[in-house]
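There's a structure below that I have some questions on.
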2 protein chains.
Amino acid sequence: MKTKAIIFDVNETLLDMQNLENRVNTELGNELAFQVWFSKLLHYSLVENDTENHHDFSQVALATFKMCSNYFGKEYSEEQIKSILKLVKELPAYPEVFEALKILKKDCILIALTNGNQETAEAQLKYAKIDGFFDAIYSVDVVGKFKPHKSTYQKVLSDHQLNASEVLMVAAHGWDIAGAQNAGLKTAFIARPGKSTYPLAKQPDHIAEDLENLTNIII
Amino acid sequence: MKTKAIIFDVNETLLDMQNLENRVNTELGNELAFQVWFSKLLHYSLVENDTENHHDFSQVALATFKMCSNYFGKEYSEEQIKSILKLVKELPAYPEVFEALKILKKDCILIALTNGNQETAEAQLKYAKIDGFFDAIYSVDVVGKFKPHKSTYQKVLSDHQLNASEVLMVAAHGWDIAGAQNAGLKTAFIARPGKSTYPLAKQPDHIAEDLENLTNIII
């Protein structure tokens with residue numbers, strides 16, 4: 001079945017979070033602070049899913065940053081945390097992303113689907129100068145559940161009248177690949193440094209080092 | 001409404017994980033390695049919930065430990081990981097736990113409810129010499145969803161014919177408190193060192209430093 005549309009995760013898949021990672025690590029005084037916080041952010045986003053609650057990702061980010069700063073023995077006002085985390089809107093695309101999207105755009109509908117809120121997602125892709133490649137930019141807020149909940153992927157399919165089997169989900173996260181598989185999509189894992197697929201999910205259809213490599217595989 | 005039953009979370013609420021934390025940190029060569037892994041374990045347990053999948057917690061622990069060891073540039077066989085993680089069955093209870101359970105047992109049904117599997121939960125409480133206090137020991141595997149999914153708490157209520165409002169959930173984790181609240185239970189947060197409630201959930205009914213302190217508050 002031909003790939004008609006490609007859905008891209010945003011953070012760490014298209015955009016390099018290193019600037020934000022460095023900033024968080026410096027603030028909290030530990031080279032692993034970002035990892036601890038970001039895992040907690042992802043965990044609590046799914047706590048929201050399971051407790052029939054929904055705040056947008058920036059609110060969960062702020063709340064879990066507070067929890068982490070307690071852990072690291074630091075204290076910040078909400079304004080200070082917001083000022084640190086607003087760096088998420090100023091992340092560069094990985095070096096190969098622009099050219100790869102240009103090639104993929106010729107044959108496929110390109111869609112971004114992120115746990116981030118709509119305003120952040122649009123600002124991020126604009127800052128990275130890749131917003132023009134996307135036919136649609138989706139925040140999960142439109143369904144009130146975070147990825148990898150099935151409804152997030154299904155919303156994109158239904159809005160664009162796509163069959164799951166003609167859509168490829170591209171992500172640098174094992175959990176996103178697992179969610180897309182569960183919704184019936186084809187999947188491509190981008191093996192950014194330090195990232196792994198989830199050993200208890202099926203293998204993705206493709207594994208690529210970066211988007212250039214993926215383009216070579218699927219075109 | 002009188003408290004008829006108390007449900008306890010196990011790891012970090014009753015049992016001190018420090019031995020396991022030290023071991024994981026030594027293995028992976030970083031003082032925050034345990035935190036990174038344990039957050040990932042909790043995140044992926046909820047990825048399982050959201051992808052309509054269920055492996056037991058020890059399997060998710062092993063899978064996420066593999067992912068983390070990749071991140072830290074280490075490689076382990078499954079047997080080696082199992083040998084590290086089996087320390088979870090040899091955790092001591094926090095110092096005040098035995099006496100507090102003895103007091104609470106006089107007036108209430110005491111139940112343990114853990115994300116861990118049944119065999120691990122029973123071995124843990126036996127090793128810590130507190131198994132005798134519990135009228136029932138529950139693993140979430142009985143419903144096939146991890147906490148904080150509502151069904152995990154509801155299973156205990158329904159088996160024991162309890163109304164949510166006469167049951168108190170005791171946990172050292174904001175996510176567990178949020179889940180119990182969502183199921184209508186009363187809640188007590190045990191503020192173990194470094195632990196915080198989740199700022200986007202309601203405040204718990206009680207906050208105590210440890211179980212002795214909780215006993216003083218509720219008796």
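FYI, side chains are in, hydrogens and waters are out, and symmetry mates aren't considered; it's all heavy atoms of this structure. Just so it is clear: chains get the letters A, B, ... in the order the sequence lines come, proteins before strands, and each one is counted from 1.
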*Would you check if there is a donor-acceptor pair between the side chains of B/Q118 and B/Y138 at a distance under 3.5 Å?*
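No pair is found: no donor N or O on one side chain lies under 3.5 Å from an acceptor on the other.
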*Does a salt bridge link A/K147 with A/D9, judged by any charged N lying under 4.0 Å from a carboxylate O?*
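Result for this pair is yes, salt bridge flagged.
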*Do other residues, nucleotides or ligands put more than 12 heavy atoms under 6.0 Å from B/K4 NZ?*
no
*chain B heavy atoms under 4.5 Å from A/Q59: which part of the residue, side chain, backbone, both or neither?*
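Contact with chain B: backbone and side chain both.
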*Heavy-atom proximity to chain A below 4.5 Å, by part of B/H55*: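 Only the side chain of B/H55 comes within 4.5 Å of chain A.
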*With only heavy atoms counted, which part of B/S45 is less than 4.5 Å from chain A, the side chain, the backbone, both or neither?*
neither
*asked:* Can you tell me which of A/S151, A/G174, A/P148 forms the most heavy-atom pairs within a distance under 4.5 Å of chain B?
replied: A/P148
*Output yes when B/K145 and A/D50 qualify as a salt bridge under the 4.0 Å nitrogen-oxygen rule, no when they do not.*
no
*From A/H160 atom NE2 to A/I111 atom CD1, the distance as rounded to the nearest 0.5 Å*: 4.0 Å
*Can you check whether B/L211's main-chain N or O pairs, donor with acceptor, with B/E96's side chain at less than 3.5 Å?*
yes
*Which region of A/N182, side chain (C-beta onward) or backbone (N, CA, C, O), has a non-hydrogen atom less than 4.5 Å from a non-hydrogen atom of chain B, or is it both or neither?*
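For A/N182, the contact with chain B is made by the side chain alone.
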*Top residue by heavy-atom pair count (under 4.5 Å) with chain B, among A/N49, A/L42, A/L62?*
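Looking at each option in turn, the highest pair count goes to A/L42.
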*Is it the side chain or the backbone of B/F72 that comes within 4.5 Å of chain A heavy atoms, both, or neither?*
side chain
*asked:* Just so I understand: if I count every heavy-atom pair under 4.5 Å between each of B/G73, B/G194, B/A33, B/A63 and chain A, which residue has the most?
replied: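 With the most close heavy-atom pairs to chain A, the winner is B/A63.
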*asked:* In this structure, is the centre-to-centre distance between the rings of B/H54 and B/F146 below 6.0 Å?
replied: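 Yes, the ring of B/F146 comes within the 6.0 Å limit of the ring of B/H54, centre to centre.
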*With respect to chain A, which residue among B/V47, B/T64, B/V36 yields the maximal number of heavy-atom pairs within a distance under 4.5 Å?*
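Top count of heavy-atom pairs under 4.5 Å with chain A: B/V47.
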*Counting only heavy atoms not in B/E209, do more than 12 fall under 6.0 Å of its CD?*
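No, because the 6.0 Å sphere around CD of B/E209 holds 12 heavy atoms or fewer from other groups.
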*For chain A, which of B/F38, B/Y198, B/Y71 has the most heavy-atom pairs under 4.5 Å?*
B/Y198
*Please determine, among A/K195, A/E31, A/Q35, A/H43, the option with the most heavy-atom pairs under 4.5 Å with chain B.*
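Winner by heavy-atom pair count: A/H43.
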*Specify which of A/N70, A/T51, A/V60 makes the most heavy-atom pairs with chain B at under 4.5 Å.*
A/T51
